[in-house]
Undergrad: 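One structure is given below, represented as structure tokens, and several questions about it will come after.
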Amino acid sequence: MDGLSRLKYRGYDSSGVALVGPGGMDVVKAAGRIEELGTALEATPPAPATTGIGHTRWATHGRPTTNNAHPHQAGDLAVVHNGIIENHHLLRAEVEQAGRDLVSDTDTEVVAHLLDLDLTSRLRAAGFSHSEAGWRGSGATTPAPAPEQAAQLLVEAMRAVTARLEGSLALLAITPLAPGVVVAARRSSPLVLGLGQGESFIGSDVAAFVSYTKQVAEIDDDQVVLLSAQGATVWDRQGQVVTPRTWEVSWDASASLKGGYDTFMDKEIHEQPTAVAETLRGRVNELGEITLDEMRIDASVLRSIDKIIVVACGTAAYAGHVAKYAIEHWCRVPVEIELAHEFRYRDPIVSQKTLTVAISQSGETMDSLKAVRHAREQGSRVLAIVNTYGSTIAREADAVLYTHAGPEVAVASTKAFLAQITACYLLGLYLAQQRGNKWPDEVADYLDKLAQMPALIARLLKEQEARVKALGAELADRSSFLFLGRHVGYPVALEGALKLKELAYVHAEGFAAGELKHGPIALVEEGLPVFIIVPTPRRPVLHDKVVSNIQEVRARGARTIIIAEEGDSAVDAFADDVIRVPPAPTLMLPLLTVVPLQVFAAALAAAKGLDVDQPRNLAKSVTVE
Ligand code: G6P
């Protein structure tokens, strides 16, 4: 339960466990949040057991009911699964023809039956047979196989069945025929091993078991694992035993607890100065050059690239949007931003001279992963900006810039976003340095300015948080909001609107301020709250245009909430509310201006009594396409 509750950000619409003990197997499941599973376990306590699997679900096939919750049972097996089996319709027909009755709508139950059918035929071939009552107990016609043999046959069945599955999977199976072991397989969905003293763990994120062991081993695609308290054996797709890469987790379990804040989001918003500082830490070598975490791309290749494509989803895509402004300005290379799922399926023009930059907090977002694979197949080098060490995107990329923001638990992203933007600046400066667009002293100057940002974010929070929270509570009854920004304020406006949709379930739209007059202004009516992100007055061309845009909405009755630099008095006459941010270089302003929008969305959602950390229908790591 402890492990599951640390993973609930991955999905939380139903959950369940299967436990194997001396008396056999118990399965307990519940629809709703993980607390419901706790109640179900109290109501029907399972027998003592030392082997088990569990799952929190984010529905893909079938509604979030108890019946559709994992584990799914077939014969002697129980199975949990993350991912999507794309050919499950065909396989469902096959298992139904074999006489199996399926009781759920899920693709996973089909896999459970396939696995049980395969295991059964292997047991038969080995001379074991059973009656309706199963392999064990009085109904069995032969003695049950030895546990070691059953475990080995389950490993073989797992390899055979997963080879027939199309799509993505992290699959675990247990059976009372082989008590004390869990058999697992993975393809494209995250799965990591935790190796403790006399106890072993397997999970889709180290957060599940980091309070028990920090020794982690990676499982690669199409590998099968046999896990017991003594450790793990891993086979590749040819059936050869392989030694997985192991590493030690550097952060502590307490880093994923709330630390005195009401919500994880509140905590993570306040961790933003640290997250930005951590992303910047240790980036400059003794020669004064910027370094990345893992670089497997030749400097000559970086010098030859003629286009950058950023692929990402959700909040991470808005970080990519900021990257466009910075990288184009600093490096004079065209940067396109593309939602990963659109990029993948539109036959994009990608060549060896294209650098693809994938941005992802989790490093597991399936849409982004597919885009990475597509880009690499087309000959592009991929540089990943990710937060989760050892994640799939990080492992498949040619270069990695880790954001080092620490674990982000709240489903909607806050500190990871600021860390991603910071990483994009670092990347821009790195490329400028490699390609000779900026002198070393110019790069050093920008790094100095970046190094000042954490203190400015902390000051902004200290000075403005209470007011912004009050504003969130005051506007909790409104059903529509607009967000306007120009230049780097534009992605900030998009992110402000997304936060409000995600957390408070209200209609919110972000627009490029200049686009307003081309249509969206028709939405403005008396009293409509409109947030406007105002650029620094030190860039009058940008600033004055946005001040005009404020007047345009105000003249039509909007309630204007202005985010402007300290001392920018030009906005005062047109503002119903002003939120002041400290002065910072134009390109770096998103690190400040987005913070009040995060605080506002969280406060408004809290005032509505909503669950800020786990908004409805969302999941933190979307490992399906
Ligand atoms: C999900 C989350 C979003 C997140 C997006 C990208 O949709 O709900 O908050 O921005 O995935 O996630 P990633 O892990 O790739 O940054």
Side-chain angles (χ1 to χ4, degrees), residues 7-13 58-60 82 168 188-190 204-205 207 264-265 268-269 275 279 310-323 337-344 356-373 382 384-397 400-424 491-492 494-505 510 594 597-598 601-602 605 611-625:
L7 290 186
K8 60 188 177 184
Y9 68 85
R10 303 183 67 86
Y12 36 78
D13 56 33
W58 184 76
T60 57
N82 280 349
S168 55
S188 299
S189 285
S204 38
D205 188 332
F264 280 109
M265 174 157 289
E268 286 158 11
I269 286 173
T279 305
V310 182
V311 292
C313 303
T315 293
Y318 299 144
H321 211 127
V322 177
I337 321 139
E338 181 101 28
L339 292 170
H341 32 94
E342 285 298 312
F343 169 84
R344 170 65 186 84
T356 303
V357 176
I359 308 179
S360 173
Q361 187 286 127
S362 60
E364 300 293 352
T365 299
M366 184 55 72
D367 287 321
S368 304
L369 176 60
K370 286 288 173 77
V372 164
R373 289 182 177 162
V382 174
I385 294 177
V386 295
N387 194 38
T388 308
Y389 187 81
S391 55
T392 312
I393 291 176
R395 287 160 59 197
E396 296 197 9
V400 190
L401 207 173
Y402 281 109
T403 41
H404 300 301
E408 189 179 67
V409 176
V411 166
S413 184
T414 55
K415 67 171 179 174
F417 180 58
L418 263 66
Q420 284 162 351
I421 295 174
T422 307
C424 288
V492 171
L494 295 173
E495 172 63 3
L498 179 63
K499 281 283 97 65
L500 208 48
K501 285 178 221 172
E502 287 179 313
L503 302 183
Y505 319 149
V594 78
L597 304 185
Q598 299 167 333
D611 184 339
V612 174
D613 287 335
Q614 293 175 44
R616 71 181 180 200
N617 301 342
L618 301 182
K620 182 136 194 82
S621 174
V622 182
T623 50
V624 293
E625 266 189 279

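Each ligand, and each atom within it, is numbered from 1 in the order the structure gives. Model, not experiment: these values are computed from the prediction.
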Undergrad: How far is atom 11 (O) of ligand 1 from its nearest protein heavy atom, and which residue and atom name does that atom have?
TA: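 Answer for atom 11 (O) of ligand 1: Lys620 O, 3.9 Å.
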Undergrad: Go through ligand 1 atom by atom and flag the ones less than 4.0 Å from a non-hydrogen atom of Thr315.
TA: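 Checking each atom against Thr315, I get 10 (O).
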Undergrad: Taking atom CD1 of Ile359 and atom CG of Asn387, what is their separation to the nearest 0.5 Å?
TA: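 Interatomic distance, Ile359 CD1 to Asn387 CG, rounded to 0.5 Å: 12.5 Å.
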Undergrad: State yes or no: are the ring centers of Tyr389 and Tyr402 separated by less than 6.0 Å?
TA: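 Yes.
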Undergrad: Counting from 1, what ligand 1 atoms have a heavy atom of Ala316 closer than 4.0 Å?
TA: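 Near Ala316, the atoms of ligand 1 are 16 (O).
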Undergrad: Would you call Ala619 a ligand 1 contact, heavy-atom distance under 4.0 Å?
TA: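 Right, Ala619 reaches ligand 1.
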Undergrad: Between Lys620 and Val409, what is the shortest heavy-atom contact and its length?
TA: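 Heavy atoms of Lys620 and Val409 come nearest at CD-O, 3.7 Å.
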Undergrad: Within the 3.5 Å criterion, strictly below it, is a donor on Lys415 or Thr403 matched to an acceptor on the partner's side chain?
TA: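 Result is no, nothing qualifies.
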Undergrad: Between Glu364 and ligand 1, which part of the residue brings a heavy atom under 4.0 Å of the ligand: side chain, backbone, both or neither?
TA: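 No part of Glu364 comes within reach of ligand 1.
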Undergrad: Can you report which non-hydrogen protein atom sits closest to atom 5 (C) of ligand 1, along with the distance?
TA: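 That would be Cys313 O, 3.9 Å.
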Undergrad: Which residue owns the protein heavy atom closest to atom 16 (O) of ligand 1, what's the atom, and how far is it?
TA: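 Protein heavy atom at minimum distance: Gln361 N, 2.6 Å.
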Undergrad: Below 4.5 Å, heavy atoms only, C-beta onward: do Arg373 and Thr392 meet side chain to side chain?
TA: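 They are in side-chain contact.
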Undergrad: Name the closest protein heavy atom to atom 12 (O) of ligand 1, giving the residue it belongs to and the distance to 0.1 Å.
TA: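 For atom 12 (O) of ligand 1, the nearest protein heavy atom comes out as Thr365 OG1, 3.4 Å.
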Undergrad: Could you work out, for atom 7 (O) of ligand 1, the closest of Thr623, Val386, Val622 by heavy-atom distance?
TA: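 Among Thr623, Val386, Val622, the closest heavy atom to atom 7 (O) of ligand 1 belongs to Val622.
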Undergrad: Take Ser368 and Ile393 through the side chain to side chain contact (heavy atoms under 4.5 Å, CB included) test and state the conclusion after the steps.
TA: CA-CA 8 Å; Ser368 304; Ile393 291 176; 3.8 Å; yes
Undergrad: Can you give me the closest heavy-atom contact between Val612 and Leu503, atom names plus distance?
TA: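 Closest approach of Val612 to Leu503: O-CD2, 3.5 Å.
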Undergrad: Nearest protein heavy atom to atom 3 (C) of ligand 1, by residue and atom, and its distance?
TA: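 Protein heavy atom at minimum distance: Glu502 OE2, 4.0 Å.
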Undergrad: For Gly363 versus Val386, what's the shortest heavy-atom pair and its separation?
TA: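 Nearest heavy atoms, Gly363 then Val386: CA-CG1, 3.9 Å.
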Undergrad: Output the list of atoms in ligand 1 that are nearer than 4.0 Å to some heavy atom of Ser362, sorted by atom number.
TA: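 In order of number, 13 (P), 14 (O), 15 (O).
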